[in-house]
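Notes follow once the structure below has been shown.
Everything quoted here is computed from the prediction, not taken from an experiment. Hydrogens, waters and symmetry mates play no part in the numbers below; they use all other heavy atoms, side chains included. Read the numbers this way: they start at 1 and go in the same order the structure lists the ligands and their atoms.
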Amino acid sequence: MGQLPHQHNPNVLVGYDTADDAGVFRLDETHALVQTLDFFTPVVDDPYQFGAVAAANSLSDVYAMGGQPITAMAIACFPDKGLDLEILSQVMRGGLAKLQEAEVTLLGGHTVTDPEIKFGYSITGLIHPLKIMKNSDAQPGDVLVLTKPLGIGILTSGIKFGRIPAQAARRVVEVMMTLNRAAAEVMARHPCHAATDVTGNGLLGHAYEMAEGSGVAIRFESNRIPFIEEALPLAEAGLLPRSVRTTWKMIEDKTVIGKLVPEALKNIMLDPQTSGGLLIALEPGNLECLLSDMKRGGVEATVVGGVENTTGKRLFVD
Ligand code: CO
Ligand code: CO
């Protein structure tokens, strides 16, 4: 989309030029629309759970902007032979249950015939134009908080190959199905500077976008990175989603990894997440209050690093 001619509309508050989570369009002084679309191939075998994960994932981009999601449109691809339509019905039921949990209304949708199942939503939300949480407003001195553990991509591909224990499989589905709503509501109650959700580009890829957009550098403390523990042996065995390598290629020139950081941990930080957590930048003075509020809201929030002035490099992992 970066190749498209520039549009000049003063009501576009966030457009496609800044690699942010969702677009924002001003309606009047106090209201703006937040809009996003996301759909993908199944990440779990159970169709109902797949629908719920797809809904939580699509809603997440609105939460990451600080918006309140209000309506949803479904988008589905489904084969015309070989699969029972009941599967699609289960996917949609799982998605609707998650939308209802988020108090979001499904308005309609569209299905096309395709050899491979794909499913997701376009979500519309509302936000006050002065309260948009961009990914490009992180300030030097800020601390960074992450609200879900990593390892989702490694573990969901591990499930496909039957390589992980049942308990870890349940845990990864539970993490993906958890809405970022509670985390976003806590974020809205505290003066935070910037946020994004960690999805396909992994923690490092999305942190890179935040650093680049904000004109700063981000430093992570690798020993504080939360991840689902069963992801580690898979990462050590080199069982990694393909995008771990492509994301690394994109950022390696601007990234410095400390000599003592294990390769497996670096790869967990590059692991593509489905319905991952929020990465939030805020002043250290507001940290304790935010963390205790997160805990009360049932969110496992962890400090993972901080924001610095840049001297050319964007990311450091110590
Ligand atoms: Co996003
Ligand atoms: Co997205």
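Side-chain contact check for His206 and Asp197: no donor-acceptor pair (N or O, by modelled atom type) lies under 3.5 Å. Side chain to side chain, His190 and Asn286 fail the donor-acceptor criterion of an N or O pair below 3.5 Å.
Checked against the Co ion (ligand 1), the N, O or S atom of Asp197 at the shortest distance is OD1. When the Co ion (ligand 1) is compared with the N/O/S atoms of Asp61, atom OD1 turns out nearest. With respect to the Co ion (ligand 1), Asp21 has OD1 as its nearest N, O or S atom.
Residues Phe40 and Asn57 have side chains in contact (heavy-atom distance under 4.5 Å, counting atoms from C-beta outward). In this structure the side chain of Pro129 reaches within 4.5 angstrom of the side chain of Leu13, judged on heavy atoms.
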